[in-house]
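Notes follow once the structure below has been shown.
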There are 2 protein chains.
Amino acid sequence: MNVRLKDIARQAGVSEATVSRALSPSRSSMVRAETLARIRRIADALGYHHNPHAQALAIGRSAVVSLVVAYTEDYMMNVKALRLHSALLDAGLQAQIIPAQSLQDLGSAEKIAASLLLSAPMAVAIRSLATNWHLELLEDLCGILWDRGVYTLIADHHQLPSDAVPADAISTDRVRAAEAAVSHLLKLGHRCIGLLASADQTFGRIVGYRRALDEHGISERYEQPIDQYVEYAPERPYLSQAVQAGYLAAQDLLRRCPEVTALFCGSDLVAIGAMRGLANVGLSVPADVAIVGFNDEPWCSHLPVPLTTIGQPVEQLSARAAEMLRARLAGDDSPWRRELVPMPLIVRESCGQGLVGPRRWPVQEAVESS
Amino acid sequence: MNVRLKDIARQAGVSEATVSRALSPSRSSMVRAETLARIRRIADALGYHHNPHAQALAIGRSAVVSLVVAYTEDYMMNVKALRLHSALLDAGLQAQIIPAQSLQDLGSAEKIAASLLLSAPMAVAIRSLATNWHLELLEDLCGILWDRGVYTLIADHHQLPSDAVPADAISTDRVRAAEAAVSHLLKLGHRCIGLLASADQTFGRIVGYRRALDEHGISERYEQPIDQYVEYAPERPYLSQAVQAGYLAAQDLLRRCPEVTALFCGSDLVAIGAMRGLANVGLSVPADVAIVGFNDEPWCSHLPVPLTTIGQPVEQLSARAAEMLRARLAGDDSPWRRELVPMPLIVRESCGQGLVGPRRWPVQEAVESS
DNA sequence: CTGAAAGCGCTTACAG
DNA sequence: CTGAAAGCGCTTACAG
């Protein structure tokens, strides 16, 4: 059997209560220095470990933060989840990961909460759930958890929850980022700017895109939803789907609207697909068409034409999220926070030096290819 | 406060013990049907949930399986981890993920065990830890956990533990796979076969490579360790590193040994890098050089020259691992298992129809490029 | 600064 | 089939 407080108490000739105090970081100051040292020495010698269940039962909560993450096979999603986990560790919190997938099928917020509470977390951090987790479900979940005494943080969801929801929330500023991307193209002289975005990117990409056009007094829009080209079947990786979607969507759009001279793509994968698609109809980047991506995946700067894109401030978001969590657990009871982290526009070469005139080459017939 | 057994007992007019039995899947048969129904109805009405800490304290262990996974940003690693998690759920087990990274820094097996036991898992499944977790560390860990009453399963580690280690283990048969890949090339007539592998792939790739050559009575070897080109700095993704490594290694090897007509690559990423590298010195695939990859990543079949490679039997391995775990928890006390899952050779076009003669083109000077 | 005692919510022989 | 009671290992007012 494992060593218990009682065993240490007996050897040290003190009560269990004293040992409990001595071995608790926050209450060890109540114990006389000499006694403290003796107890610690004996605990070490015996190889003592707290029994987390007994501790949690007595205190009323466990010491662990559950990190609910949407683990798709998508590169960016994975990186973000890993970074947030690291940040929690850095903040001195013990964290375990619950893949959202395992909760998704449960359906109701009530059932999801029940499942989460099975591991009796001290707090729950939710990292950008799959897009089919609607905001209302998430909001309900926060309410239920809060009622059961568990604090929730929503990190990097595509929408911030309403102010009334009892949870902190932090996300990247997708709208501003999209606005900056399109503004960048407008400043380079482009007037007919295509948008290749999927439905789950609606909130950020499309709103920002429209906002930038509105600001510049441009009304015509060239939006190409790529959903029709994408199947998010779980056994197929997001990667190849997105590339293929961009490949087809870019060609469709340029064929339909040959006046388009620039593309803002919902992701870098879509962007490289679009580049291939453009090449397939005889258009080159950036001479004929300028391209902006989204995410700044690591290979973006290594492309034949390095990609101008929007960066993901993963470190900042993770660090801030962890700090909010830590503060709440330490007793911070200020009003619920709603924070947005700016996303940088990273200018490389895929937008060239600016639009210098009408496109030199007409859109060719697509070559047979995949 | 939450609903407790006591609350239900009072409303139902029975003792806590009866409620406890009624609400336990395995002991509910001890309760009279009528009483059972009444208790269940009341529990539902009150929204009762077991307190996992109290339960775990009373029973002596919790109901959750900790899944320790090496979460690198590598695609294959991520996929494998996700699949194993799903398989555990499918086997009716509640599983939480502990990123190995959070344990890695602890150093000693004793400390890692202590940290793992903090969440007092019912069992621990370890999925191919990072390569710097030496087998001995892993073996020690299993021993400590076992002594503390926790069963361990080692899934997909590159080496199986020794028979004495108190744990089950299942891995893919990397050695056989490498042997099959090289045999395939030998059968196609190749005699000078290069190997591009990194140190952490040593166990499988190199052993299998040598074994195939030995079987065919060929002694000369062309091994190119790619480690020198790869830096596994945690903030850089494995992806771009591996491609670049293959790019450089292939050129180096062909320059040094121009008689080489085939390459067996440690991963598909290395393989596509190698393809680019070969193109850079004027060699084409498969006409001049045949290539075999490893992993069968989803884009392999979409390359200009679809890649012949080794497939990862992720589903089989995950399902079998989950089944072993489930059986052990159900009381299976047969001898510790050591299982290997075969990996399929997937023949596409990167090895052509066979070697038809000496290479048509000499190796050119490398073009300036990256 | 320390101890005796009650309590956290559940399970499980034991006795009926 | 059911209940009274002890116990899992820890914490925390309360009293000294």
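The model shown is predicted, which means the values in this text are computed figures rather than measured ones. Chain letters run A, B, ... following the sequence lines, proteins first, then strands; residues in each count from 1. Hydrogens, waters and symmetry mates are skipped; everything else that's a heavy atom, side chains included, is used.
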**Q.** A/Leu67 and A/Leu88: CA distance, side-chain angles, deciding distance, side chain to side chain contact (heavy atoms under 4.5 Å, CB included) verdict
**A.** CA-CA 9 Å; A/Leu67 174 54; A/Leu88 291 175; 4.1 Å; yes

Q) Under the side-chain hydrogen bond (donor to acceptor under 3.5 Å, both in side chains) rule, what pairs show up with a residue in residues 323-332 of chain A, not counting sequence neighbours? A) A/Asp168-A/Arg328, A/Glu323-A/Arg326, A/Asp332-A/Ser334

**Q.** Which nucleotides of DNA chain C pair, in dot-bracket form (Watson-Crick or G-U under 3.5 Å, | meaning another strand)
**A.** |||.||||||||.|||

Polar atoms only, N or O, under 3.5 Å: list the protein pairs with nucleotides 13-16 of chain D and their distances.
from   : atom 1 : to      : atom 2 : distance (Å)
D/dA13 : N6     : A/Arg21 : NH2    : 3.0

Figure out the [atom1]/[atom2] separation between [X] and [N], and round it to whole Å.
{"X": "A/Asp7", "N": "D/dC10", "atom1": "CG", "atom2": "C1'", "result": "13 Å"}
{"X": "B/Arg10", "N": "D/dG3", "atom1": "CZ", "atom2": "P", "result": "15 Å"}
{"X": "B/Leu5", "N": "D/dG3", "atom1": "CG", "atom2": "P", "result": "13 Å"}
{"X": "A/Arg27", "N": "D/dT11", "atom1": "CZ", "atom2": "C1'", "result": "6 Å"}

Distance-only donor-acceptor hits, side chain of residues 34-47 of chain A, under 3.5 Å, sequence neighbours excluded:
from    : atom 1 : to      : atom 2 : distance (Å)
A/Glu34 : OE1    : A/Arg32 : NH1    : 3.3
A/Arg38 : NH1    : A/Ala12 : O      : 2.4

Q | A/Leu160: side-chain contact (heavy atoms from CB on, under 4.5 Å) partners, not counting sequence neighbours | A | A/Ala169, A/Ser171, A/Arg338, A/Leu340

Q: List in chain and number order the residues that pass side-chain contact (heavy atoms from CB on, under 4.5 Å) with B/Ser29, two or more places apart in sequence or in another chain; answer none if no residue qualifies.
A: none

Q: Using atom types as modelled and distance alone, determine if a side-chain donor or acceptor of B/Ser318 lies under 3.5 Å from a backbone N or O of B/Val314.
A: yes

Q) 5'-most contact on DNA chain D: B/Val14 or A/Ser24, nearest heavy atom basis? A) B/Val14

Q. Taking atom P in both C/dG9 and C/dA13, what distance in whole Å separates the two?
A. 23 Å

